[in-house]
Amino acid sequence: MKKEIHSKEFGENFVWGVSTAAFQTEGAYNKDGKGLSIWDVFSLTKGNIRKNQTAKVSCDFYHRYKEDILLMKSMNIKNFRFSISWSRILPDGTGKINQKGIDFYNKVIDFCLACNIEPWITLYHWDLPHALELKGGWTNREVLKWFSEFVTLSATCFGDRVKRWMVLNEPMVFTGGGYFLGVHAPGKKRLKNFLPALHHAQLAQATGGRILRKLLPDSEIGTTYSCSYIVPKNHKPRNIKAAQKADALLNRLFIEPVLGLGYPKKDLPMLKRLDKYILPGDMENSKFQFDFIGIQNYTREVVQHSYFVPYLQVKIVKAPKRNVTTTLMDWEVYPPSIYEMIGKYNNYENIPKLIVTENGAAFKDKFKSGKVKDKKRKKYLITHIEQILKAKKEGKNIHGYFVWTFTDNFEWAEGYQPSFGLVHVDFETQKRTVKHSGKWYKKFLAKT
Ligand code: IFM
């Protein structure tokens with residue numbers, strides 16, 4: 001019988017944890033002086049979210065943070081990645097400070113530390129203050145000033161205790177989904193919104209990094225990227241070219257300017273349209289020496305050429321059409337993807353450390369007799385962690401792994417049905433039940 005993998009095989013310094021995000025878990029959307037975010041407004045607008053579900057309460061982490069952190073502790077989880085809701089601490093995005101919002105994060109941080117859990121803060125996980133969206137949001141270059149104020153306030157308030165920071169969560173997803181496809185907040189479409197949003201988010205990575213480094217020289221500063229292993233549908237030259245374009249868009253677009261390599265315009269000619277938003281000095285200002293890069297991988301994508309897709313001429317061959325195992329998100333279960341992505345980012349020079357800051361899966365969970373036997377999620381986690389071990393044994397620069405996610409929560413436009421949690425939440429009663437996968441993670445992390 002195959003020996004079950006254990007965290008000890010990764011060595012003592014490998015970091016293990018769980019990841020969450022403010023909007024997906026906190027609830028208390030208008031409590032104690034919090035301002036609305038673009039996601040509050042988007043999700044409260046009928047027709048945007050599956051079954052018109054909202055995150056007004058979600059898993060109520062705002063009131064139940066102690067219960068959740070204690071549960072984490074009982075599961076041997078030593079690192080907790082969460083985000084700061086910008087409009088909870090700056091209700092209008094800029095100017096007036098909401099002390100009660102700051103008090104909330106102070107309580108979360110202090111309680112983590114009291115439980116011997118290291119807090120890892122993501123500054124921006126998609127919930128821009130609505131007041132700023134009214135001024136153009138990420139399409140307005142002023143966002144760099146507003147974002148700097150938010151980063152400075154967060155570093156000043158929490159930096160005495162928080163030593164690990166991530167500037168942005170998956171900028172490709174929030175600019176692509178929110179400003180090009182319109183399926184995420186703020187629901188904008190078209191290239192004229194996407195391109196400036198992309199360039200400003202790109203500059204915000206380094207801007208945020210520099211502020212953190214100046215104010216908190218002893219902290220570890222990272223940022224995170226969504227990434228997928230891209231393969232062409234077959235070896236026809238036009239499909240190979242389509243795969244190169246998709247790779248440039250989905251995997252290279254945000255990291256390469258940070259590393260001083262500029263935008264990958266050669267492989268993705270449509271990026272030349274960015275030129276009109278790039279001011280003198282921008283590409284120099286895009287560079288920043290992060291201490292670590294967070295990679296967030298869930299699946300691979302198979303792509304083909306298509307004349308009908310504007311700007312890109314690339315089409316994703318959806319997993320349900322490929323006769324492969326999928327999750328509830330219709331994402332293919334393909335563990336080698338995470339190994340390939342570690343290899344890809346490992347090949348860049350000047351990335352001191354890679355950390356998998358998200359990986360996990362949504363499957364249909366059955367809650368029966370007080371138990372959730374989510375065997376598929378457990379298998380998904382084990383097979384992905386095995387791939388990470390393979391990469392580590394080959395000497396790749398990989399230093400940590402965070403499961404997405406701790407409790408079931410609000411999965412953006414999909415609402416509550418695709419649940420990714422290690423812990424089941426009954427959204428009527430807010431009762432938490434550790435799933436079979438959560439029990440497995442606890443055992444996996446236990447010292448023997
Ligand atoms: O829930 C999201 C998270 O907010 C960002 N990364 C992917 C997860 C699963 O879709």
Side-chain angles (χ1 to χ4, degrees), residues 17-27 37-40 42-43 48-50 53-55 58-59 61 80-86 120-128 166-178 181 183-185 201 205 222-229 250-251 254 293-301 316 318-319 326-334 337-338 341 355-365 374 376-377 380-381 384 400-423 425 427 437:
V18 287
S19 281
T20 67
F23 185 76
Q24 293 177 273
T25 58
E26 284 176 5
S37 76
I38 51 173
W39 268 97
D40 289 311
F42 187 76
S43 55
N48 285 336
I49 310 293
R50 229 183 109 256
Q53 288 169 329
T54 76
S58 189
C59 21
F61 180 76
F80 175 31
R81 171 178 174 243
F82 58 94
S83 73
I84 306 285
S85 157
W86 185 341
W120 293 57
I121 285 186
T122 311
L123 283 164
Y124 185 76
H125 200 126
W126 307 357
D127 44 357
L128 188 78
M166 283 141 287
V167 179
L168 299 181
N169 185 74
E170 299 181 353
M172 185 57 225
V173 181
F174 78 76
T175 55
L181 301 172
V183 295
H184 276 189
Q205 314 174 105
T223 197
T224 77
Y225 299 116
S226 49
C227 57
S228 297
Y229 179 43
L250 300 179
N251 297 327
F254 281 91
I293 292 297
I295 54 179
Q296 316 203 147
N297 173 261
Y298 291 84
T299 188
R300 73 165 170 170
E301 299 292 0
I316 288 182
K318 299 224 168 95
T326 57
T327 68
L328 275 190
M329 300 292 283
D330 281 346
W331 296 342
E332 180 184 2
V333 177
Y334 188 76
S337 179
I338 206 162
M341 286 299 99
I355 295 180
V356 174
T357 38
E358 282 185 23
N359 169 249
F363 291 111
K364 198 160 189 163
D365 293 327
D374 58 335
K376 286 187 187 168
R377 183 172 294 103
Y380 179 99
L381 296 175
H384 282 75
Y401 176 86
F402 288 69
V403 176
W404 182 268
T405 181
F406 185 55
T407 51
D408 289 342
N409 60 42
F410 185 80
E411 179 55 28
W412 309 110
E414 279 77 21
Y416 292 97
Q417 217 242 320
S419 46
F420 284 76
L422 294 171
V423 176
V425 175
F427 289 102
S437 59

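Counting convention: from 1, in listed order, for ligands and their atoms alike. For this chain, numbers begin at 1 and follow the sequence in order. Nothing here was measured: the structure is a model prediction, and the numbers come from that model.
- For the ligand labelled ligand 1, residue Asn409 lies outside the 4.0 Å heavy-atom shell.
- Closest to atom 10 (O) of ligand 1 among all protein heavy atoms lies Glu411 OE2, 2.6 Å.
- Nearest approach of Ser226 to Asn251, heavy atoms of both residues: O-OD1, 4.3 Å.
- Within the 4.0 Å heavy-atom cutoff, Glu414 does not count among the residues contacting ligand 1.
- For Gln296 and Thr357, the side-chain atoms include at least one donor-acceptor pair closer than 3.5 Å.
- Taking distance alone, with nitrogen or oxygen atoms compared against 3.5 Å, Trp126 stays at or beyond that limit from ligand 1.
- The part of Trp331 lying near ligand 1 is the side chain, judged by heavy-atom distances below 4.0 Å.
- With Phe402 as the aromatic partner, Arg81 does not meet the cation-pi criteria of under 6.0 angstrom to the ring centre and within 45 degrees of the ring axis.
- At a 4.0 Å heavy-atom cut-off, ligand 1 touches Asn169 through the side chain alone.
- When each of Tyr124, Trp39, Phe42 is tested with Phe174 by the rule ring-ring contact (aromatic ring centres under 6.0 Å, His included), just one qualifies, namely Tyr124.
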Would you check, one step at a time, whether the test ring-ring contact (aromatic ring centres under 6.0 Å, His included) holds for Phe61 with Phe82?
-> CA-CA 11 Å; Phe61 180 76; Phe82 58 94; 7.2 Å; no
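- In terms of polar-atom proximity, defined here as any N/O pair under 3.5 Å, Gln24 does make such a contact with ligand 1.
- Protein heavy atom in closest approach to atom 7 (C) of ligand 1: Glu358 OE1, 3.2 Å.
- At least one donor-acceptor pair under 3.5 Å links the side chain of Thr224 to the backbone N or O of Leu168.
- Protein heavy atom in closest approach to atom 8 (C) of ligand 1: Tyr298 OH, 3.4 Å.
- Under 3.5 Å, the side chains of Ser58 and Asn409 contain no donor-acceptor pair of N or O atoms.
- Each of the following atoms of ligand 1 lies closer than 4.0 Å to a heavy atom of His125: 3 (C), 4 (O), 5 (C).
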